[in-house]
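Report on the following structure.
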Amino acid sequence: MGVTVRSSESGPGIVGRLAPSPTGGLHLGHARSFLIAWLMARGAGGRVILRVEDIDASRVRPGMAELAMLDLRWLGLDWDEGPDVGGPSGPYVQSARLDRFEDALGLLKRQELVYPCTCTRAEIQRAASAPHAGEEGPIYPGTCSGRSARDESRLRGRRFAWRFRVGTGMVGWDDLFKGPIRSDPARVAGDFVVGRSDGAPSYQLAVVVDDAGMGVNQVVRGDDLVSSTPRQLLLYRAFGFEPPQFGHVPLVLGPDGRRLAKRDDAIKLSTLRGLGVDPARLIGTLGRTIGLGEGEPARPSDWVGLFDPASLPAGAPVLDPAAW
Ligand SMILES: [Zn+2]
């Protein structure tokens, strides 16, 4: 299959990544998570890969990938491999890697780890027992789990998604920021979609295939993805890939106590850049929320080797865009 793990050639060093989705412009919350991911990799003397996660075609907006890279460079973050600089693991845009996801799905089919699911959203909603709804909607009730991957040929003309069999048992990891976490994938989402009915890979499949294929061994990201990690660990196991270190950082809240959202233009990096905000002031403010400095202007490169994961506050930081 076309999915390979770079290990010997990339050596034992840390390989981190920044993986923006070009769906609506990066904001202060993204900046903080990316700053931490960058400092973790650079602090270990490691490499940084930039990958554009654009497989959700319905949400992707033109020009946003370029804007995200502009925003990140404006902040002072850089990368060794990416769409604009190339590298040995390209292409670095997910929509150009569909053959790899197809190969990976094929491997899961041959292992009978996936089955075709013809359920509609409404059917799953009705069949799932309401009290056990997972964080991401109802837990899949297993309606189609009696099918084999080979039943695909008998479903001609019907729309179906490919679901991964999660089986039973706890999955755990030692989170770089949150310590040991254990979770039962069957109680989070149940059998989950790896291949969507429109033919696109799911986020869960694409992120695992790409991180493994690019030799990423340290994944630092927002803690809204904690519930996805057990599913991704199951995929690592199914493919025989060594999982990366995972670290999940709390998402930034606005003054109203709600998560910053892409719809809020006031907190977008491109807006702040357009207003002439000094990125060093922004980095200084973000630094204070991660245990670096007292808010004085700074560049990310000033802090390489100084960020201590243990000093990251466990709670979600509050940032007021009005302060800018
Ligand atoms: Zn089904």
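We count ligands from 1, going down the list as the structure has it; atoms in each ligand are counted the same way.
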> Is the closest basic N to carboxylate O distance between Asp56 and Arg196 below 4.0 Å?
Replying inline: yes
> Which residues and atoms, counting only protein N, O or S, are under 2.8 Å from the Zn ion (ligand 1)?
Replying inline: Cys117 SG, Cys119 SG, Tyr140 OH, Cys144 SG
>> My understanding is that a hydrophobic cluster links ILVMFWY residues whose side chain heavy atoms are under 4.5 Å apart, including indirect links. Using that, what else belongs to the cluster containing Leu253?
In response: Val318
> Please, which pairs that meet salt bridge (charged side-chain N to carboxylate O under 4.0 Å, His left out) have at least one residue in residues 138-161, sequence neighbours excluded?
Replying inline: Lys109-Glu152, Glu112-Arg150, Asp151-Arg154
Identify all side-chain donor-acceptor contacts of residues 289-300 below 3.5 Å with residues at least two apart in sequence or on another chain.
unit_1, atom_1, unit_2, atom_2, d
Thr289, OG1, Arg32, NE, 2.8
Thr289, OG1, Leu286, O, 2.6
Glu296, OE1, Glu294, N, 2.8

>> With a 4.0 Å cut-off on N to O distance, would you call Arg51 and Asp211 a salt bridge?
In response: yes
> If you take all heavy atoms of Pro22 and Glu53, which pair is closest and at what distance?
Replying inline: CD-O, 3.3 Å
